[in-house]
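Count residues from 1 along the sequence. Side chains included, hydrogens not; waters and symmetry mates left out as well; all remaining heavy atoms used.
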Amino acid sequence: MVRNVADVYQSEQYRLATQNTKNAKGALNILSNSVRTRGTDSVHISDTAHKFSKQSIAALIDKSANTSAQELSFYFSNYNNMEAILYAINFGENVSCGYNPDFKEYGVISFDYHGNRQVVPNYAVPKINSALLYGICAKNNSLVLSNQSYYSWTTSSGGRYAWTVNNGRIGWAASESLLAENTNQKGTNYKWEMRKASNILTALAQGKSLYGYDKKDVLSVCEKVGLTPGFISVDAGAGTHHYILRENGKVVNVDKKIEQLNQINWLEAGYQEGDIFSVYGKEYAVDSSGHINVSVQEEFTSTEIVYPSREI
């Protein structure tokens, strides 16, 4: 069971005390009124709004963003709904972040919402207390994660971060990762470490090839979440995918291998009707059509395939 994000919101990190919230609402009202009064689609910082703190008027956005009042409508409507803001960012479509690195507080996170582009000021993005999230952990070599849910990931340095699961994509929550400080690829680096782990787990969760990944990295990431050599399965909102994880980190896609075996006409390949194939410990005879019928739902006892001998 995964906790609702409303239960893990870290209110003390929202950085808006009661008075600041009151001031921010005033700034947003000024913003809304100034837009309607001027009859323009652009957002401006009025003279009156300048009396509020930079955080309070961050909704007035990086000038280069060319943000409109309509693009801020979601934020205005959900000003006090932190869960809705997090959901839109972490499980929305076409999510991105833009800001001037020297003036980060004026940036925004943008996303598509009901067919319209929407933005939320960077300063207003809620923080998630990852310490209250369940870790990503397999049981009996099966990793099952709830779709559109939050989990935690602990790096090699001991840092704990909020991760999301979204239709087979497993990785650092966008609400956190998009606003993280930039780092380079050299040395021990939590961002690159998490990106590598995210890519490997996502490939497994979506049934994609792991070609090009270092086998040691694959083995390390799998073992980190409780997947050990042998038959493994991963379900993270994009269907269940079955694999064999070898001791050296090589991964065999069992689903695709079984599909391939079932599609081949073994009579045309030189085998005889009744010839027995041993597929992962289960025996299957070639039928009159030249096929074998292996099911991925079997309780396999071996990680090997043994082909019958044939006359050449």
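Proximity of Ser156 to Glu193: side-chain heavy atoms (C-beta onward) are separated by under 4.5 Å at one or more points. Contact of the Asn253 side chain with the Leu210 side chain is not registered, since no non-hydrogen atoms from C-beta on lie closer than 4.5 Å. Looking only at side-chain heavy atoms (C-beta outward), Leu201 and Trp153 come within less than 4.5 Å of each other. In this structure, the side chains of Val95 and Ile109 come closer than 4.5 Å at one or more pairs of heavy atoms. Two residues are said to be in side-chain contact when any heavy atoms from C-beta on lie closer than 4.5 Å; Tyr307 and Asp275 fail this criterion. Residues Tyr271 and Pro308 meet the side-chain proximity criterion, which asks for heavy atoms closer than 4.5 Å. Counting heavy atoms from C-beta outward, Arg117 and Gln70 have side chains that stay 4.5 Å or more apart. Between Leu227 and Val234, some side-chain heavy-atom pair lies under the 4.5 Å cut-off.
Cation-pi geometry between Lys191 and Trp172 is not met at under 6.0 angstrom from the ring centre and within 45 degrees of the axis.
Under a cut-off of 6.0 angstrom, the local environment of NZ in Lys224 is crowded, with over 12 non-hydrogen atoms contributed by other residues, nucleotides or ligands. The local environment of CG in Asn248 is crowded, with over 12 non-hydrogen atoms from other residues, nucleotides or ligands closer than 6.0 Å.
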Go through it in stages, so that I can follow the logic: the residues are Phe74 and Tyr113, the test is ring pair (Phe, Tyr, Trp, His ring centres under 6.0 Å), and I'd like the CA-CA distance, side-chain angles, deciding distance and then a yes or no.
CA-CA 8 Å; Phe74 175 86; Tyr113 183 75; 4.7 Å; yes
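Interatomic distance, CD1 of Ile258 versus CD1 of Ile305, reported as 8.0 Å (0.5 Å rounding). Rounded to the nearest 0.5 angstrom, Glu273 CD and Asp287 CG are separated by 7.0 Å. Atom CD in Gln260 sits 13.0 Å away from atom CG in Asp255 (nearest 0.5 Å). How far CG of Asn141 is from OH of Tyr243: 13.5 Å, rounded to the nearest 0.5 Å. How far OG of Ser96 is from CG of Leu178: 7.5 Å, rounded to the nearest 0.5 Å.
When atom types are taken as modelled, the side chain of Arg160 and the backbone of Ser130 share a donor-acceptor pair closer than 3.5 angstrom. Here the side chain of Asn78 pairs no donor or acceptor atom with the backbone of Ile85 at under 3.5 angstrom. Between the Gln272 side chain and the Leu267 main chain, no donor and acceptor come within less than 3.5 Å of each other. Using a distance-only test at 3.5 Å, with no hydrogens or angles considered, a donor-acceptor pair links the side chain of Asn265 to the main chain of Glu268.
Nearest heavy atom pair, residue Val165 against residue Phe91, reads O-CE2, 3.6 Å. Here the shortest heavy-atom pairing between Glu223 and Pro229 reads OE2-CD, 3.8 Å.
For the residue pair Ser177/Arg195, the side-chain donor-acceptor check at 3.5 Å is not satisfied.
The six-membered or imidazole ring of Tyr151 lies away from that of Tyr134, with a centre-to-centre distance of 6.0 Å or more. Side-chain rings of Phe111 and Tyr87 stay apart, their centers remaining 6.0 Å or farther from each other.
Using a 30° and 60° split on the angle between ring planes, Tyr161 and Tyr190 fall in the parallel class, below 30°.
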